[in-house]
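Data first, discussion second: the structure below is written as structure tokens.
Just so we're clear, the structure is a prediction, and the values are computed from it rather than from any experiment. Any value given below was found using the heavy atoms of this structure, including those in side chains, with hydrogens, waters and symmetry copies removed.
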Amino acid sequence: MKKRDSLFHDVSIRIVKLINLVLMTTPFIFVWYRFYADQLWVKFFMRGHWLVIALFVLLYYTIGKVYEAFKISYSGIGEMVYSQMLALFEVDIIMYIIAWLLIRRAPLITPMLGAFAVQTVVAIVWSYLSQKWYFKTFPADRTVIIWDMRDEISPLTVNSPLFKPPFTLRGK
């Protein structure tokens with residue numbers, strides 16, 4: 001891969017990941033302003049609300065990286081969706097607890113559950129579209145695996161997500 005192609009690859013992947021971050025943050029922003037912001041014990045000015053939103057973004061990005069929720073190139077669609085849902089579930093719970101502390105009584109949990117449902121649908125759509133886009137824009141290179149110990153390749157290797165379509169496995 002040439003240096004110019006590598007730069008295009010890295011920048012385009014980062015843009016797709018940024019789109020994911022914006023799409024996942026949007027339902028939280030809606031819920032925060034619509035249901036929680038007016039109930040705060042001490043009223044925030046805009047900077048306080050932005051800080052809460054920035055905290056959501058930071059937590060989602062960090063926990064998502066831990067679970068490898070943004071690995072388009074080698075994770076399957078199901079793995080990306082599961083990782084994103086797990087990260088979002090944890091972040092939404094943390095943000096609900098923060099809202100609870102700021103409101104000083106238990107706020108409604110249904111808006112946060114609704115945001116999680118919307119985020120789940122967005123995760124499914126984003127994972128599907130991003131992986132289709134990735135393999136259309138950056139087709140898989142032919143790869144050779146050389147093994148020596150057995151006549152057949154291990155079933156663990158064949159069942160690996162790396163050998164699912166668009167990859168093909170050929171014998172000797």
Side-chain angles (χ1 to χ4, degrees), residues 7-140 160-162 164-166:
L7 179 66
F8 172 71
H9 177 270
D10 294 346
V11 169
S12 59
I13 290 294
R14 288 204 172 128
I15 289 171
V16 170
K17 291 177 182 179
L18 182 66
I19 290 170
N20 177 284
L21 205 57
V22 169
L23 290 175
M24 295 303 178
T25 306
T26 303
F28 174 76
I29 292 172
F30 175 77
V31 166
W32 179 258
Y33 281 115
R34 177 78 171 89
F35 297 99
Y36 299 144
D38 292 336
Q39 298 179 21
L40 297 179
W41 182 261
V42 176
K43 298 298 180 194
F44 280 165
F45 295 104
M46 287 310 286
R47 288 185 188 166
H49 297 299
W50 294 343
L51 185 63
V52 170
I53 293 166
L55 181 62
F56 176 88
V57 170
L58 179 69
L59 285 172
Y60 175 61
Y61 179 75
T62 304
I63 295 173
K65 279 193 76 114
V66 168
Y67 292 128
E68 296 183 344
F70 312 116
K71 297 289 185 181
I72 302 169
S73 58
Y74 67 84
S75 292
I77 294 170
E79 293 172 14
M80 284 193 298
V81 170
Y82 178 72
S83 299
Q84 288 178 37
M85 286 176 56
L86 196 56
L88 286 165
F89 183 72
E90 291 176 16
V91 172
D92 285 346
I93 286 177
I94 292 169
M95 297 310 293
Y96 178 77
I97 292 170
I98 289 172
W100 191 339
L101 292 172
L102 291 172
I103 294 172
R104 293 193 179 177
R105 59 185 162 80
L108 289 174
I109 196 166
T110 50
M112 196 61 83
L113 292 174
F116 180 70
V118 171
Q119 290 166 335
T120 300
V121 171
V122 170
I124 293 168
V125 171
W126 180 85
S127 298
Y128 176 78
L129 293 176
S130 65
Q131 193 164 62
K132 295 301 176 193
W133 164 82
Y134 181 83
F135 285 110
K136 184 177 178 186
T137 307
F138 308 105
S160 167
L162 294 176
K164 300 284 185 238

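Heavy-atom neighbours of Phe116 CZ from other residues, nucleotides or ligands within 6.0 Å: above the threshold of 12. Atom CH2 of Trp133 sits in a crowded spot, with more than 12 heavy atoms from other residues, nucleotides or ligands closer than 6.0 Å. Counting non-hydrogen atoms of other residues, nucleotides and ligands closer than 6.0 Å to OH of Tyr33 gives a total above 12. The local environment of OH in Tyr82 is sparse, with at most 12 non-hydrogen atoms from other residues, nucleotides or ligands closer than 6.0 Å.
Taken to the nearest 0.5 Å, the CZ atom of Arg14 stands 13.0 Å off from the CZ atom of Phe70. Ile13 CD1 to Asp10 CG: the interatomic distance, rounded to the nearest 0.5 Å, is 8.0 Å. One finds the CD atom of Gln131 at 4.5 Å from the CD1 atom of Ile77 (value rounded to the nearest 0.5 Å). Within the model, atoms NE2 of His9 and CG of Leu7 stand 11.5 Å from one another, a figure rounded to the nearest 0.5 Å. Taken to the nearest 0.5 Å, the CD atom of Glu79 stands 9.0 Å off from the OH atom of Tyr74. The distance from the CG atom of Leu55 to the CD1 atom of Ile98 is 4.5 Å, given to the nearest 0.5 Å.
Across all their heavy atoms, Phe56 and Leu88 have their closest contact at CZ-CD2, 4.2 Å. Closest approach of Leu108 to Tyr96, counting heavy atoms only: O-CE1, 3.6 Å. Contact record, Leu23 with Pro27: O-CD, 3.0 Å, taken as the closest heavy-atom pair. Across all non-hydrogen atoms, the minimal contact from Trp32 to Leu102 is CH2-CD1, 3.9 Å. Contact between Ala123 and Gln84 at its shortest, heavy atoms only, is CB-OE1, 3.4 Å. Considering every non-hydrogen atom in both Pro107 and Gln39, the closest pair reads CB-OE1, 4.3 Å.
By the 4.5 Å heavy-atom criterion applied to side chains, Phe8 and Thr137 are counted as neighbours. Side-chain atoms of Ser12 and Phe138, non-hydrogen and from C-beta on, do get closer than 4.5 Å to each other. Inter-residue side-chain proximity for Leu51 and Arg47 is flagged as unmet; no heavy-atom pair is nearer than 4.5 Å. Counting heavy atoms from C-beta on, the side chains of Leu21 and Val57 come closer than 4.5 Å. In this structure, Met95 and Val31 have side chains that are not in contact, with every pair of non-hydrogen atoms separated by 4.5 Å or more. Two residues are said to be in side-chain contact when any heavy atoms from C-beta on lie closer than 4.5 Å; Arg34 and Pro111 fail this criterion.
Remark: the Gln119 side chain and the Tyr60 side chain contain no N/O donor-acceptor pair separated by less than 3.5 Å. A donor-acceptor pair shorter than 3.5 Å cannot be found between the side chains of Ser130 and Trp126.
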Fill in: Verdict with reasoning, Phe35 to Met112, per side chain to side chain contact (heavy atoms under 4.5 Å, CB included)
CA-CA 9 Å; Phe35 297 99; Met112 196 61 83; over 6 Å; no

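Between the side chain of Ser75 and the main chain of Met80, no donor-acceptor pair closer than 3.5 Å is present.
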